[in-house]
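Below: the structure, in structure tokens.
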Amino acid sequence: TKWIALATVVAGAGLAVLALLPSGLVGMTNTNLKPSIHKVPPEVIPVVQEVLANAPPRGTVLAPETVSSWLPVWEDHPALVYTRRLYFEHNAQTVGRERLAPRKLLAEWINGGSGHAADNILDALARLDTRLIVIPAYDRLPSVDNILEQSEKEFIGSVGPYEVYRISP
């Protein structure tokens, strides 16, 4: 019976290791939420990698929700203006609507919201010390060019349907 118990433990440990390998809990690097890496849309991964490679050590990154929602999956991700817009309502009681206002404005704008004054956008970018912007080129608002013209910027590159810019405060 002693050998049967030992064989059962060894077999159980072996099965546990085999079960964890495909789920990503073993062998996955550079992620905080190991299994979530399997959910990241493949077309977003190169954009996230470009952001991680060019993210400034200080300041925030502004990206559309299709990208910003996946950045926290990676270790050492940069500070973000926001991750998901639905969190604004969840956090309003704790953080306060006035403190969330510039983040909400930028989130609406980068996700295609129109009708925002360029001065308000520029002020919010400055207040949040935004230094890297990912712009969806597929749904580019005219205000994007206006904002970029008024900012000191450096075009980093195009990655799929996105353009990445470094801006200076």
Could you give the distance from OG (Ser143) to CD (Gln150), rounded to the nearest 0.5 Å?
->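 Reported to 0.5 Å precision, the distance equals 10.5 Å.
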Hey, what do you get for CG (Leu62) to CD1 (Ile135), rounding to the nearest 0.5 Å?
->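 Reported to 0.5 Å precision, the distance equals 8.5 Å.
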With Glu154, which residues qualify under side chain to side chain donor-acceptor pair (under 3.5 Å), at least two apart?
->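 Partners of Glu154 by the side chain to side chain donor-acceptor pair (under 3.5 Å) criterion, ordered by chain and then number, come out as Arg166.
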Return the set of residues passing side chain to side chain donor-acceptor pair (under 3.5 Å) with Thr60 (not counting sequence neighbours), or none when no residue passes.
->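 Checked Thr60 against side chain to side chain donor-acceptor pair (under 3.5 Å); matches are Thr130.
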Which pairs with one or both residues in residues 118-154 pass ring pair (Phe, Tyr, Trp, His ring centres under 6.0 Å), sequence neighbours excluded?
->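 Every pair satisfying ring pair (Phe, Tyr, Trp, His ring centres under 6.0 Å) with a residue in residues 118-154: Tyr138-Tyr162.
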Taking only residues two or more places apart in sequence or in another chain, which ones pass salt bridge (charged side-chain N to carboxylate O under 4.0 Å, His left out) with Glu43?
->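 Here no residue qualifies.
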Minimum heavy-atom separation for Pro64 to Pro136, with atom names?
->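 Scanning both residues completely, I find the closest heavy atoms to be CG-CD, 3.9 Å.
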Minimum-distance pair of heavy atoms, taken over all atoms of Thr83 and Pro72 =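 Of all heavy-atom pairs spanning Thr83 and Pro72, the closest is CG2-CG, 3.5 Å.
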Kindly give the cluster partners of Leu6, where membership spreads through any ILVMFWY side chain lying under 4.5 Å from a current member.
->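 Trp3, Val10, which link up through side-chain heavy atoms under 4.5 Å apart, make up the rest of the cluster.
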Under a 4.5 Å cut-off applied to non-hydrogen side-chain atoms, are [X] and [Y] in contact?
{"X": "Pro78", "Y": "Leu132", "value": "no"}
{"X": "Val40", "Y": "Trp74", "value": "yes"}
{"X": "Pro41", "Y": "Trp70", "value": "yes"}
{"X": "Arg131", "Y": "Val61", "value": "no"}

Among Ile110, Val164, Ile156, whose side chain to side chain contact (heavy atoms under 4.5 Å, CB included) with Ile133 holds?
->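 Going through the options one by one, the only one that passes is Ile110.
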Using distance only, find each side-chain donor-acceptor pair of residues 117-127 under 3.5 Å and give its atom names and separation, not counting sequence neighbours.
none

Name all residues meeting the ring pair (Phe, Tyr, Trp, His ring centres under 6.0 Å) criterion together with Tyr82; count only those two or more places apart in sequence or in a different chain, and write none if there are none.
->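 Per chain and number, Tyr82 pairs via ring pair (Phe, Tyr, Trp, His ring centres under 6.0 Å) with no residue.
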Who pairs with Phe155 by side chain to side chain contact (heavy atoms under 4.5 Å, CB included), at least two apart in sequence or on another chain?
->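 Scan of Phe155 (side chain to side chain contact (heavy atoms under 4.5 Å, CB included), adjacent residues dropped) gives Ser158, Glu163, Tyr165.
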List in chain and number order the residues that pass side chain to side chain contact (heavy atoms under 4.5 Å, CB included) with Val159, two or more places apart in sequence or in another chain; answer none if no residue qualifies.
->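 Testing Val159 for side chain to side chain contact (heavy atoms under 4.5 Å, CB included), a comparison that skips the adjacent residues, returns Pro46, Val47, Glu50.
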In residues 99-107, what donor-acceptor pairs under 3.5 Å come from side-chain atoms, sequence neighbours left out?
{"unit_1": "Arg103", "atom_1": "NH1", "unit_2": "Leu80", "atom_2": "O", "d": "3.3"}
{"unit_1": "Arg103", "atom_1": "NH1", "unit_2": "Val81", "atom_2": "O", "d": "2.8"}

Linking I/L/V/M/F/W/Y whenever their side-chain heavy atoms sit closer than 4.5 Å, directly or via other members, would Val73 and Val134 fall into one cluster?
->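 The answer is yes; both residues are in one hydrophobic cluster.
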Scan for salt bridge (Lys or Arg N to Asp or Glu O under 4.0 Å) pairs involving residues 57-70, sequence neighbours excluded, and state none if there are none.
->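 For residues 57-70: Glu65-Arg85.
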